Amino acid sequence: MNMMELHPVATVATPPHAEPYPYETESFFNCWWEHLAPKFDIPFKNHELLIYRKPVMKGLFKMKEVHIAGWNNAWSQDLTADRVNELEELDYTTAWDYFRINFMESRRGLQALDLLITKGYPMLMRPAPTQFVADLSEGMDSYLKSLSYNGRSNLKKKTQRAEFLNPELLPCTDETEIDAFFEEFFRHHLVYWDAKAGRSYFHDPEERNFIVNWAKVLHRSGNLRLDRLLMNGETANLNMSIVTGKALYWLLPINTGLYQEYWPGVVGLYLRLQQAEEAGITHFNMGPGDYLYKTQSANSRELCQELTVFNPRSPKGQALYYYMRRQQATPKSAEATTPNA
């Protein structure tokens, strides 16, 4: 029995799927397996799908979760028919309890969802963080006109206020500069996120090694964008982005603490949008997180869902399904619904 509640689709920007999504590439998975996989108890893998043990239900016991090799769950992993088939390829003698994935509500994502339904997997769905997008397909002027008054005013007023500081983006174009760039980046990331969230994940050497080595691979393939925002000749903001085709994914920005009263994050975003348009970028993905500067600067959004699929052969998986179903159930969602692909 399936129970799903598919939320209405608002404005959804469909990225150019002909190009690889950042977390769908061989270079990403190779670096992940080298640097981050040792952090997990992984008894089995099939392509980029893996099984590891994860505590659930307040840590009373551990269940085996099928997972896609991923980094910090910051971006959606794309749900495709190939992924569904890989899930089915897992040896039936290999015990796994459930499978969880975030996916974008693109057409192929919904088609893969229909395939899971056809195969009879019990599943639950709930909204995942929306990704915020600047659609530059009609150019910068059209993009600005498409924003709300507050969004347009936010970008223009803050960039104009900082003009006397001569803000400029200085790219990092030489691979020999990458180590020094990230040494500086990590230092500021630790200070900011230790204060904001209690701990930066970059305290872990595996996380630092993964990002630096993946950045070097991306640099060799021409997909990496590293830059620093200079204000009055001093570094006010550091940034890592990935470009694939006509899409740019704004991955890791951090402020250094200088000139905070002049909004270096917003100023840097505006300059990067201008550069993206000049480079032929049509899809500037700011990632998830409903921060004000993202909600005001996005003129399109990619809705995402968190899908949990349960192994019908696993007693633990079935127990978790009914437990989560009771937790999630409401009078309006008690009946199964099937989305249209």
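Bear in mind that the values here come from a model prediction, so they are computed numbers and not experimental data.
- Using modelled atom types, no side-chain atom of Ser153 and backbone atom of Tyr149 make a donor-acceptor pair closer than 3.5 Å.
- Between the side chain of Asn255 and the backbone N or O of Asn237, no donor-acceptor pair lies under 3.5 Å.
- Between Ala276 and Leu136, the closest heavy-atom pair is CB-CD1, 4.0 Å.
- The backbone N or O of Asn85 sits nowhere less than 3.5 Å from a side-chain atom of Lys119 that would complete a donor-acceptor pair.
- The main-chain N or O of Arg53 is never found under 3.5 Å from a side-chain atom of Asp41 such that the two would form a donor-acceptor pair.
- A ring-ring contact (aromatic ring centres under 6.0 Å, His included) with Trp32 is found for one member of Phe40, Phe210, Trp214 and no other, namely Phe40.
- For the residue pair Gln131 and Asn285, a side-chain donor N or O sits within less than 3.5 Å of a side-chain acceptor on the partner.
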Begin with the C-alpha distance, continue with both residues' side-chain angles, and end with the deciding distance and a verdict on side chain to side chain donor-acceptor pair (under 3.5 Å) for Asp135 and Ser137. CA-CA 6 Å; Asp135 182 352; Ser137 58; 2.7 Å; yes
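- Ring orientation note: the planes of Tyr262 and Tyr259 are tilted relative to one another, at an angle of 30° to 60°.
- Between His189 and Phe202, the ring-plane angle classifies as perpendicular under the 30° and 60° cut-offs.
- The backbone N or O of Met125 lies less than 3.5 Å from a partner atom in the side chain of Gln328, making a donor-acceptor pair.
- Proximity of a side-chain donor or acceptor of Asn299 to a complementary backbone N or O of Leu147 within less than 3.5 Å is not detected.
- Between Lys54 and Glu65, at least one side-chain nitrogen of the basic residue sits less than 4.0 Å from a carboxylate oxygen of the acidic one, meeting the salt-bridge criterion.
- Looking only at atom types and distance, the side chain of Thr80 has no donor-acceptor partner in the side chain of Asp82 under 3.5 Å away.
- The main-chain N or O of Lys294 is never found under 3.5 Å from a side-chain atom of Ser297 such that the two would form a donor-acceptor pair.
- A side-chain donor-acceptor contact under 3.5 Å links Arg152 to the backbone of Leu144.
- A salt bridge links Lys39 to Asp204: at least one charged side-chain nitrogen sits closer than 4.0 Å to a carboxylate oxygen.
- Not one N or O on the side chain of Lys158 forms a donor-acceptor pair closer than 3.5 Å with the backbone of Val267.
- Residues Thr235 and Arg228 bring a donor and an acceptor atom of their side chains to less than 3.5 Å of each other.
- A donor-acceptor pair under 3.5 Å is absent between the side-chain atoms of Arg208 and the main chain of Glu183, judged by distance alone.
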